[in-house]
Amino acid sequence: MKFELQHTDTNSNARAGKITTDHGEIQTPIFMPVGTVGSVKGVHFRDVKEDIKAQIILGNTYHLYLRPGLDIIKSAGGLHKFNGWDRPILTDSGGFQVFSLSENRKLTEEGATFRSHIDGSKHLFTPENVVDTQRIIGADIMMAFDECPPGNSEYKYARTSMELTHRWLDRGLAHFDSTEPLYGYSQTYFPIVQGASFRELRTQSAEYIASKGREGNAIGGLAVGEPTEVMYEMVELVNSILPKDKPRYLMGVGTPVNILENIALGVDMFDCVMPTRNGRNGMLFTANGIMNMRNEKWKDDFSPLDPVGTSFVDQVYSKAYVRHLFVAGEMLAAQIGSMHNLAFYLWLVGEARRKIEEGTFAAWKQMMIPRLSSRL
RNA sequence: GUGAAUGUAGCUCAGUUGGUUAGAGCGCUAGAUUGUGGUUCUAGAGGUCGCCGGUUCGACCCCGGUCUUUCACC
């Protein structure tokens, strides 16, 4: 993987860059649709590519390991071959899911034991076997196995957790560096900054992660319950320490406003379930504000779903029809909502990139923020 | 025709020896959702308790009448 920093904004820390992987290039800043079990829920890859214009998607180690399982993915020749997506894939390590989904999880120095949310079976994830799993999946970018403490964690817990994450990182890196990709293309490994909402811990963690000199770095443990302003404060602090010539990935964030604010702070990569999960349930983000498509007020509004939207669904379907589909519980509603939101997110980061290249990003961001958070 | 049931929120139903602002689920109307279990939470609106009369300090509840629906019998 290579990263080329192409433009830096004059009035903020926003940057435009290019990541090159063996599965193609990624223009940053970028949003990565979440494809947990190897699919972007409800959307064909034809549309993810051509309509939404996604350049990279996520997969999830925890989910893919449990189902369909590593034997199947290995037999298929990796996730790209299995699901037919031929552009880059990033896999989350499963650390977050072990803590948010599974039952009876137990942390030890060795790793995390947990019970599957599917059948209750018992499993152990370690920094080493999570590398092996991501080798089998064949992710272009794999993530370190970390612990993600809640946003309201106390200092002592946050510090203990961060220190464990750092020790796990060293083990994961050692294993990564001593193993080879399985399918003939290169893979890279991003470490993750933790430290909850404590400046001191975030500083320590960012310095530790930066010292590893990897090809890209991630910021985890944010947007997990802490106030939004605290998230921005932590990102600003961490980005002042992480190297400028490596991509920075803010995990799990966020709303359209969160994304613009964090681009301004120098973040290059984002992923979030919000466009898909909320889209499936009728909450649509647009350049002019947020629409809840279940609202009664759309029942006889036959204008296009989003007149300035870039997805075909925005022009082909009316608001009234989409409301009808949501109220009726029609699966097409979920598909339309997901496509619209993802296309909008990709438009948003693409537009941010163009404004950075033009040198007008900061002003554009200030103009956009009140619009993005208004309700239609 | 006779007998027995039934009637409470838009729907399906609880309800108390007769006691103050009559409840639930679903639906409806809104809000939430940040490294995804195709969701899940939260709040709100909505009822002259079939109708008429009676008993009682007080009736959704007891009594009489009447109408509705259902079942059984002749």
Side-chain angles (χ1 to χ4, degrees), chain A residues 31-43 56-64 66-67 89-103 115-120 130 134 139 141-151 165 190-194 217-228 230-232 235 248-259 261-262 267 269-285 290-299 323 326-335 337-338 341-342 345 375:
Chain A
F31 179 81
M32 307 180 283
V34 174
T36 309
V37 301
S39 82
V40 176
K41 288 185 189 298
V43 186
I56 171 173
I57 63 169
L58 256 71
N60 189 280
T61 302
Y62 171 91
H63 289 280
L64 291 167
L66 289 178
R67 194 165 52 191
I89 294 175
L90 180 150
T91 44
D92 188 16
S93 67
F96 188 83
Q97 284 67 38
V98 166
F99 299 105
S100 66
L101 291 182
S102 63
E103 293 175 3
R115 286 188 180 277
S116 160
H117 69 280
I118 298 169
D119 62 5
V130 164
Q134 293 180 97
I141 300 172
M142 57 173 85
M143 300 304 301
F145 187 58
D146 63 343
E147 189 201 349
C148 181
T165 289
F190 283 15
I192 305 170
V193 174
Q194 287 291 348
N217 300 296
I219 307 168
L222 291 175
V224 287
E226 80 288 358
T228 307
V230 172
M231 167 176 73
Y232 297 149
V235 170
R248 299 160 175 158
Y249 165 29
L250 178 57
M251 306 183 76
V253 174
T255 65
V257 171
N258 289 163
I259 286 176
E261 293 291 12
N262 283 298
V267 173
M269 303 163 72
F270 300 88
D271 80 282
C272 190
V273 303
M274 195 171 278
T276 37
R277 175 187 288 161
N278 291 25
R280 274 202 301 286
N281 293 296
M283 186 176 180
L284 269 55
F285 300 96
I290 298 167
M291 293 191 289
N292 181 347
M293 294 315 298
R294 300 185 62 98
N295 285 1
E296 193 170 29
K297 61 185 166 191
W298 308 121
K299 70 180 175 186
R323 166 179 145 87
F326 272 110
V327 170
E330 200 16 71
M331 69 170 89
L332 183 58
Q335 295 181 299
S338 299
N341 275 351
L342 286 176
Y345 267 59
R375 304 198 76 92

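Residue-level contact check: T276(A) touches the bases, meaning some heavy atom is under 4.0 Å from a base atom. Counting non-hydrogen atoms under 4.0 angstrom, G221(A) reaches a base of the nucleic acid. No contact: R115(A) has no heavy atom under 4.0 Å from any strand. Residue L90(A) is classed as having no contact, given no heavy-atom separation below 4.0 Å to the nucleic acid. Using a 4.0 Å heavy-atom distance criterion, G42(A) is classed as a base contact.
A donor-acceptor contact under 3.5 angstrom links the side-chain atoms of D146(A) to the base of G35(B).
Distance from the side chain of N292(A) is smallest for G31(B) among the nucleotides G31(B), A30(B), G38(B). For E296(A), counting side-chain heavy atoms from C-beta on, the closest listed nucleotide (G38(B), A30(B), G35(B)) is A30(B). Taking the side chain of H117(A) as heavy atoms from C-beta on, and the options U33(B), G35(B), G37(B), the nearest nucleotide is G37(B). Here G35(B) is the nucleotide among G35(B), U34(B), G31(B) with the atom lying nearest to any side-chain atom of L58(A). Here the nucleotide nearest the side chain of N258(A), chosen from G35(B), U34(B), U29(B), is U34(B). Closest to the side chain of N278(A), out of G38(B), U33(B), G37(B), is U33(B). Set against C28(B), G38(B), G35(B), the side chain of V327(A) has C28(B) as its closest nucleotide. In the set U34(B), G35(B), U29(B), U34(B) carries the atom at the smallest distance from any side-chain atom of T255(A).
In terms of position along RNA chain B, the nucleotide closest to A223(A) lies nearer the 5' end than the nucleotide closest to the other residue of the pair A223(A) and Q335(A).
The separation between F326(A) atom CZ and U39(B) atom C1' is 13 Å, rounded to whole Å. Rounded to a whole Å, the CG atom of N281(A) is 13 Å from the P atom of C41(B). Between N341(A) atom CG and U34(B) atom P there is a gap of 15 Å when expressed in whole angstrom units. Protein atom CZ of R277(A) is 11 Å distant from nucleotide atom C1' of G35(B), rounded to whole Å. Here the P atom of nucleotide G35(B) and the CD atom of Q194(A) are 14 Å apart, to the nearest Å. Between the CG atom of N295(A) and the C1' atom of C28(B) there is a distance of 13 Å, rounded to whole Å. Taking atom CG of L66(A) as the reference point, atom P of G37(B) lies 11 Å away to the nearest angstrom. Separating the NZ atom of K299(A) from the P atom of C28(B) is a distance of 13 Å, rounded to the nearest angstrom.
For the C1' atoms, the distance from G50(B) to G7(B) is 6 Å, rounded to whole Å. A45(B) and C63(B) are spaced 37 Å apart, taking the C1' atom of each and rounding to whole Å. Between G44(B) and A4(B), the two C1' atoms lie 42 Å apart (nearest whole Å). To the nearest whole angstrom, the two P atoms, one in U42(B) and one in G27(B), are 15 Å apart. Distance check on atom C1': G3(B) versus G58(B) gives 35 Å, rounded to whole Å. Using atom C1' as the reference point in both A14(B) and G23(B), the two lie 7 Å apart (nearest Å). Going from the P atom of G18(B) to that of C57(B) covers 16 Å, rounded to whole Å. A distance of about 32 Å separates the C1' atoms of U56(B) and G46(B), rounded to the whole Å.
Pair assignment for U6(B): none, as no Watson-Crick or G-U wobble contacts are both less than 3.5 Å. When both pairing distances are held under 3.5 Å, C73(B) makes a Watson-Crick or G-U pair with G1(B). Under the Watson-Crick or G-U wobble criterion, with both distances below 3.5 Å, C62(B) is paired with G54(B). Pair assignment for G38(B) gives none, since no Watson-Crick or G-U wobble pairing has each distance under 3.5 Å.
Separation of atoms CD (Q335(A)) and OG1 (T276(A)) is listed at 13.0 Å; rounding is to 0.5 Å.
Counting only distance, with no hydrogens or angles, the side chain of Q194(A) and the backbone of I192(A) share no donor-acceptor pair below 3.5 Å.
A donor and an acceptor atom, one from each side chain of Y249(A) and D271(A), are located under 3.5 Å apart.
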> Would L90(A) and M269(A) count as a side chain to side chain contact (heavy atoms under 4.5 Å, CB included) if you check the C-alpha gap in whole Å, the side-chain angles of each, and the deciding distance to 0.1 Å?
Replying inline: CA-CA 11 Å; L90(A) 180 150; M269(A) 303 163 72; 4.0 Å; yes

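A sub-4.0 Å separation between OP1 or OP2 of G35(B) and a side-chain N or O of N60(A) is absent. The side chain of R375(A) contributes an N or O atom lying less than 4.0 Å from OP1 or OP2 of G31(B).
Between V34(A) and C272(A), every side-chain heavy-atom pair lies at or beyond the 4.5 Å cut-off. Considering only heavy atoms from C-beta on, M251(A) comes within 4.5 Å of M143(A) through its side chain.
Applying the side chain to side chain contact (heavy atoms under 4.5 Å, CB included) test between F285(A) and each of L342(A), V257(A), I290(A) identifies I290(A) as the sole match.
Considering every non-hydrogen atom in both R323(A) and R294(A), the closest pair reads NH1-O, 2.6 Å.
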